[in-house]
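Comments concern the structure below.
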Amino acid sequence: MFQRSRIEGIAPQVVVDYLFAELSQAPPYPDAPEVIAALRRTGMTVAIASNADDAHLYAALDHAGITADVVISSESARSYKPRRPFFEALSRALDLPLEAILHVGDHPLADVTGARNVGMSVYHVQRYQRPPHDHTPAHEPTWQFPDLRGLLTLFGIGSA
């Protein structure tokens, strides 16, 4: 990318290291820790399934103080969403059939289309509008809310 864009004067690894550090320390959306904690308090199994690699994902979760029962990364799954093998790795880790898992995600293609293609129900977090030209999911989500707090309503859980 640096060569194609004719960027000079900075080593690509410096940019990669900076990006990794920034993403690993980025604060979570304010609703994420509280909703995840509320779901776990009910005894519900919560999994984090991300296209991030292990080092970045675990650093970000640790920084955010988010704990999950299962964590699946693209690195551990050896696949990326929206591909079927990614979701199958999640299914194996949870020891549940794909149809028994509610996938929660914000990307129309990676999360909505990918999960619906393998038979999962999908809770689409639509925090903002994306340009329609290349982000139109092939399927409608099962539910769509502007943030994670809708999960509390969906499952009849009091506020976090």
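- Under a 3.5 Å cut-off, the side chain of Ser76 and the backbone N or O of Ser73 do form a donor-acceptor pair.
- Shortest non-hydrogen contact noted between Asp69 and Met44 is OD2-O, 3.7 Å.
- Counting only distance, with no hydrogens or angles, the side chain of His63 and the backbone of Gln25 share a donor-acceptor pair below 3.5 Å.
- Every ring pair (Phe, Tyr, Trp, His ring centres under 6.0 Å) that His103 has, sequence neighbours left out, goes to Phe87.
- For residues 98-118, the pairs satisfying salt bridge (Lys or Arg N to Asp or Glu O under 4.0 Å) are Lys81-Asp111, with sequence neighbours left out.
- Put simply, CD1 on Ile7 and CD1 on Ile10 are 8.5 Å apart, with the number rounded to the nearest 0.5 Å.
- With a 6.0 Å radius and a threshold of 12 heavy atoms from other residues, nucleotides or ligands, Tyr18 has its OH atom at or below the threshold.
- Annotation: the span from Asp62 atom CG to Thr67 atom OG1 amounts to 8.5 Å, rounded to 0.5 Å.
- To the nearest 0.5 Å, atom OG of residue Ser79 and atom CD of residue Glu88 are 8.5 Å apart.
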>> Quick one, Leu102 with Val122, criterion side chain to side chain contact (heavy atoms under 4.5 Å, CB included). Give me CA distance, side-chain angles, the key distance, then yes/no.
In response: CA-CA 6 Å; Leu102 172 62; Val122 176; 5.6 Å; no
> Can Leu148 and Arg127 be said to form a side chain to side chain contact (heavy atoms under 4.5 Å, CB included), step by step?
Replying inline: CA-CA 9 Å; Leu148 293 175; Arg127 294 185 190 276; 3.9 Å; yes
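- Between Pro28 and Ala32, the shortest heavy-atom contact is CB-CB, 4.4 Å.
- Phe155 has its side chain out of reach of Thr42: every pair of non-hydrogen atoms, C-beta onward, lies at least 4.5 Å apart.
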> What do the steps show when you test Ile101 against Ser91 for side chain to side chain contact (heavy atoms under 4.5 Å, CB included), and what is the final call?
Replying inline: CA-CA 8 Å; Ile101 301 169; Ser91 173; 4.3 Å; yes
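- Closest of all the heavy-atom pairs between His56 and Ser24 is CD2-OG, 3.5 Å.
- Residues Ile48 and Ala68 approach most closely at CG1-CB, 3.4 Å, considering heavy atoms.
- Once rounded to the nearest 0.5 Å, the distance linking CD of Glu75 with OH of Tyr80 reads 8.0 Å.
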>> Evaluate Leu94 against Leu90 for side chain to side chain contact (heavy atoms under 4.5 Å, CB included), listing each step before the verdict.
In response: CA-CA 6 Å; Leu94 290 168; Leu90 175 62; 3.7 Å; yes
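- A distance-only check finds a donor-acceptor pair linking the side chain of Tyr123 to the backbone of Gly150 [under 3.5 Å].
- For the 3.5 Å distance criterion, the side chains of Ser74 and Asn51 fail to qualify, holding no donor opposite an acceptor.
- Nearest heavy-atom pair, Ile72 versus Ala77, reported as atom, atom and distance to 0.1 Å: CG2-CB, 4.0 Å.
- For Gln13, the side-chain hydrogen bond (donor to acceptor under 3.5 Å, both in side chains) partners at least two apart in sequence or on another chain are Asp17.
- The CZ atom of Arg149 sits 14.0 Å away from the CD1 atom of Ile157 when rounded to the nearest 0.5 Å.
- Using a 4.5 Å cut-off between side-chain heavy atoms of Ile, Leu, Val, Met, Phe, Trp and Tyr, with links allowed through other members, Leu61 and Val70 fall into different hydrophobic clusters.
- The distance from atom CG of Leu152 to atom CG of Asp147, rounded to the nearest 0.5 Å, is 9.0 Å.
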